[in-house]
Amino acid sequence: MAANRSANADRRARIEEMRRAEQARERRNRFITIGVSGVVVLGLVGFGTFVLMKKSDEQERKDAAAKAPITAEKSWDAKKLGRNHVETAVKYDMKPPVGGDHNPVWMNCDGVVYKKAIPDVNAVHSLEHGAVWVTYNKEADSGDVKKLEEKVGKTKYTLMSPVDDQAGAIMLSAWGKQVVVDSATDPRIDAFFTKYVQGPQTPEPGAACTGGLSQ
């Protein structure tokens with residue numbers, strides 16, 4: 001009998017020891033889970049804060065670029081640029097034109113690269129909708145042209161085409177605004193895009209850049 005009681009006591013002791021070990025394991029697992037969760041939460045909060053700060057910095061840079069003057073930019077009085085829809089030829093005072101009477105149909109300008117010359121009267125309508133028009137002549141470096149085609153292709157409310165008889169090798173135009181740039185890496189290109197793609201100069205902001213004329 002004594003041997004049985006001793007064996008039962010040992011078994012109960014082992015069971016109790018196993019129970020305590022299991023409870024200790026569960027506590028450790030809970031602490032680990034809580035710790036890992038805390039690290040993950042802190043990481044997400046930190047990452048979210050980083051993303052928000054980065055977006056805020058980017059917006060501040062864009063706002064600063066939108067306010068800063070662009071070197072050697074030419075401007076025309078928007079109020080003096082005609083906006084009548086006409087179906088006849090129009091003689092513009094600048095090349096490429098930056099505004100004036102124009103055809104009722106716009107050139108598609110949803111990041112469209114035209115390999116051939118396009119009608120001025122349709123392109124001007126695109127500028128009225130807030131597009132930036134990138135143009136180049138035969139003096140432009142082929143590498144610069146390719147880089148600009150890539151930039152335009154990724155930017156809504158822009159279009160690009162050759163204009164052989166323009167004064168500069170590479171030019172950017174918006175409604176009432178124009179600048180000649182030196183190359184595809186000229187910082188004024190980003191500044192011009194930031195400032196004038198659907199910028200404050202736009203007579204008809206939000207108007208369509210699709211559903212118009214295309215080559």
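Residues Val197 and Val113 are members of one and the same hydrophobic cluster, defined by side-chain heavy-atom contacts under 4.5 angstrom among Ile, Leu, Val, Met, Phe, Trp and Tyr. Taken together through direct or relayed side-chain contacts under 4.5 Å among Ile, Leu, Val, Met, Phe, Trp and Tyr, Tyr157 and Val105 form parts of separate hydrophobic clusters. With hydrophobic clusters built from ILVMFWY side chains whose heavy atoms lie under 4.5 angstrom apart, Val152 shares a cluster with Val132. Side-chain heavy atoms closer than 4.5 Å link hydrophobic residues (I, L, V, M, F, W, Y) into clusters, and following such links, even through other members, never connects Val134 to Val163. There is no path of hydrophobic side-chain contacts, each under 4.5 Å, that joins Met160 to Leu127.
Of all non-hydrogen atoms in Gly100 and Val124, the two that sit nearest each other are O-CG1, 3.6 Å. Closest non-hydrogen pair, His129 versus Ala208, comes out as ND1-O, 2.5 Å. The minimum heavy-atom distance linking Gly212 with Asn108 is given by the pair N-OD1, 2.6 Å. Taking each heavy atom of Val145 and Ala140 in turn, the nearest pair found is CG2-CB, 3.9 Å. Between Ala184 and Leu148 the shortest heavy-atom distance is CB-CG, 4.0 Å. Considering every non-hydrogen atom in both Tyr136 and Lys115, the closest pair reads OH-O, 4.5 Å.
The aromatic rings of Trp106 and His125 sit perpendicular, their planes meeting at an angle over 60°, well past the 30° parallel limit.
With hydrogens and angles ignored, the 3.5 Å screen pairs no side-chain donor or acceptor of Asn84 with any backbone N or O of His102. Side-chain N or O atoms of Asn103 include none that pairs as donor or acceptor with a backbone N or O of Asn122 at under 3.5 Å. Not one N or O on the side chain of Gln178 forms a donor-acceptor pair closer than 3.5 Å with the backbone of Met171.
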Apply side chain to side chain contact (heavy atoms under 4.5 Å, CB included) to the pair Asp93 and Trp76, showing each step before the final yes or no. CA-CA 11 Å; Asp93 295 332; Trp76 287 261; 5.6 Å; no
Given the rule in the side chain to side chain contact (heavy atoms under 4.5 Å, CB included) test, do Val181 and Phe192 qualify, once you have shown the distances and angles that lead to the verdict? CA-CA 10 Å; Val181 298; Phe192 200 93; over 6 Å; no
Where do Thr185 and Lys147 land on the side chain to side chain contact (heavy atoms under 4.5 Å, CB included) test, with the steps shown first? CA-CA 9 Å; Thr185 58; Lys147 289 178 182 177; 4.3 Å; yes
List the steps and the verdict of salt bridge (charged side-chain N to carboxylate O under 4.0 Å, His left out) for Glu73 and Lys195. CA-CA 12 Å; Glu73 176 189 274; Lys195 198 166 188 174; 5.2 Å; no
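Tyr114 places none of its side-chain heavy atoms less than 4.5 Å from the side chain of Thr135. Contact check for Lys116 versus Ser161: no side-chain heavy atoms found under the 4.5 Å cut-off. For the pair Val112/Met107, no side-chain contact is recorded, criterion being any heavy-atom separation below 4.5 Å from C-beta on. With a 4.5 Å cut-off on side-chain heavy atoms, Leu81 and Trp175 count as touching.
Side chains of Thr158 and Trp133: a donor-acceptor N/O pair is absent below 3.5 angstrom, by distance only.
For the salt bridge (charged side-chain N to carboxylate O under 4.0 Å, His left out) test, residues two or more places apart in sequence or in another chain that qualify with Glu204 are Arg83.
Salt bridge status for Asp186 with Arg188: present, with a side-chain N to carboxylate O gap under 4.0 Å.
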